[in-house]
Amino acid sequence: MTANNLQLIQGCLLGGAVGDALGAPVEFMSLASIRAKYGLAGISNYSPVYGRIGAITDDTQMTLFTAEGLLRAYVRANLRGICSIPSVVCGAYLRWLETQKRSYKRRKKGTGGWLYHVPDLWSQRAPGNTCLSALEAMKSGKADSRAPNDSKGAGGIMRVGPAAMMYAGQENKALDVFCLAMECAWLTHGHPSGFLSAAAYAVVLHAVLCGKSTKEGIDASRSLLIEHPDHAEVLHAIDAAVRLADDDISDDEAIQELGEAWVGEEALGIALFCSLRAKNLETGVMLAVNHDGDSDTTGILVGQLLGAKYGLSAIPERWLENLELRDVLMTIATDLSEHESWNLDEYDYDENIVARYPGG
């Protein structure tokens, strides 16, 4: 992984987190209420929420656990030669679930990998009911099929960015990214629009991480999407986003037409529209969070897309300065960028890596 690719992955992961943190205080506010409180331009700086400035939500928490699960699966596959990636990611989500249940007994130091033991992750940040109920219903960390519910909420799409980051710079991995993101999302969201929107988003993000344009990524995602049944809602959202981005229509009117992002296909449509319209990361993220609806989810999606495009240096310092878990995010970004260079020979492996990401 080159230094430039490292900066893009850092920009992607931290760009998503700053979008999440900027949108967190206004997640349940209407655009009119946001402007009444913050001015005509809307929210542009962090506002206190969850008892601090720059707080992340469950969106970034689950994104981090997705990354951890994928890295643990990579370690397991290399050391044991076989691995069910969805099962290992599911295990990561169940560890996240434990952090949301204060009555659960924490695992002993040295077990569960390092992320589980980050104290600040043991905070409830409005976790989605579908994610909680689907994970609570699981009997073990193994999952071979989609959740037995009909939810297409945005809790699936908001956390799958690491599926693209794992394959940054590898242009021939679009199908792998599509399938991986789909499988990560359907662990909790069983409606096709819930997991296909996540898959389509990850392919667009992957294309950007490979140096391609957002529109090239959209073309790639469309090609893969139409091969799957029940794709009509997601495809309609993608096409609407592209059409509106090119139309002579105001940002507010366009986003209102695309929806409020409480469901996967609407979150995808708004994220693509904002990314296509944005002149830079700052204006794109502000556009993504200032609307009626799920502001932190659209914030994380657009922050990732534009962070992948422009890199870490494009994120305003005022957003990075007070960002919660900034060091953790940088560590995960580095591991996502360097994992393919890890020494994981079965008989001579890096014990520190295996301790950090035990294969299971």
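Numbers here simply count residues along the sequence, with the first being 1. Everything numeric here is computed off the predicted structure, so don't read it as measured data.
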Problem - Within-4.5 Å side-chain heavy-atom neighbours: Tyr349 and Val75 - result: no

Practice task
Using side chain to side chain contact (heavy atoms under 4.5 Å, CB included) as the criterion, list what pairs up with Asp219, not counting sequence neighbours.
Solution key: none

Problem - Verdict with supporting geometry, Asp239 and Arg243, salt bridge (Lys or Arg N to Asp or Glu O under 4.0 Å) - result: CA-CA 6 Å; Asp239 290 343; Arg243 170 179 57 81; over 6 Å; no

Exercise for the section: Would you list the pairs meeting side chain to side chain donor-acceptor pair (under 3.5 Å) in which at least one residue belongs to residues 152-161, sequence neighbours left out? Expected result: Tyr93-Arg159, Lys152-Glu233, Lys152-Glu265, Arg159-Thr188

Problem - Ser250 side chain to Glu253 side chain, donor-acceptor N/O pair below 3.5 angstrom - result: yes

Exercise for the section: Without swapping roles, check the side chain of Tyr201 against the backbone of Leu301 for a donor-acceptor pair under 3.5 Å. Expected result: yes

Practice task
Can you run down the side chain to side chain donor-acceptor pair (under 3.5 Å) pairs that involve residues 203-215, sequence neighbours left out, and say none if there aren't any?
Solution key: Ser213-Glu216, Lys215-Asp246

Handout entry: Residues Tyr357 and Asp335: side-chain donor-acceptor under 3.5 angstrom
Key = yes

Exercise for the section: May I ask you to check whether His228 and Phe178 place their ring centers less than 6.0 Å from one another? Expected result: yes

Problem - Sequence neighbours excluded, every pair satisfying salt bridge (charged side-chain N to carboxylate O under 4.0 Å, His left out) that has a member inside residues 27-36 - result: Arg35-Asp252

Handout entry: Nonpolar side-chain network containing Val263, other nodes, edges under 4.5 Å
Key = none

Practice task
Check whether any side-chain N or O of Arg318 sits under 3.5 Å from a backbone N or O of Asn45 as a donor-acceptor pair, and report yes or no.
Solution key: no

Fill in the blank from the handout: Residues joined to Leu287 in its hydrophobic cluster, side chain to side chain under 4.5 Å directly or through other members, sorted by chain and number, are Leu244, Ile249, Ile255, Leu258, Ile270, Phe273

Problem - pair Lys37-Ser33: side-chain heavy atoms closer than 4.5 Å - result: no

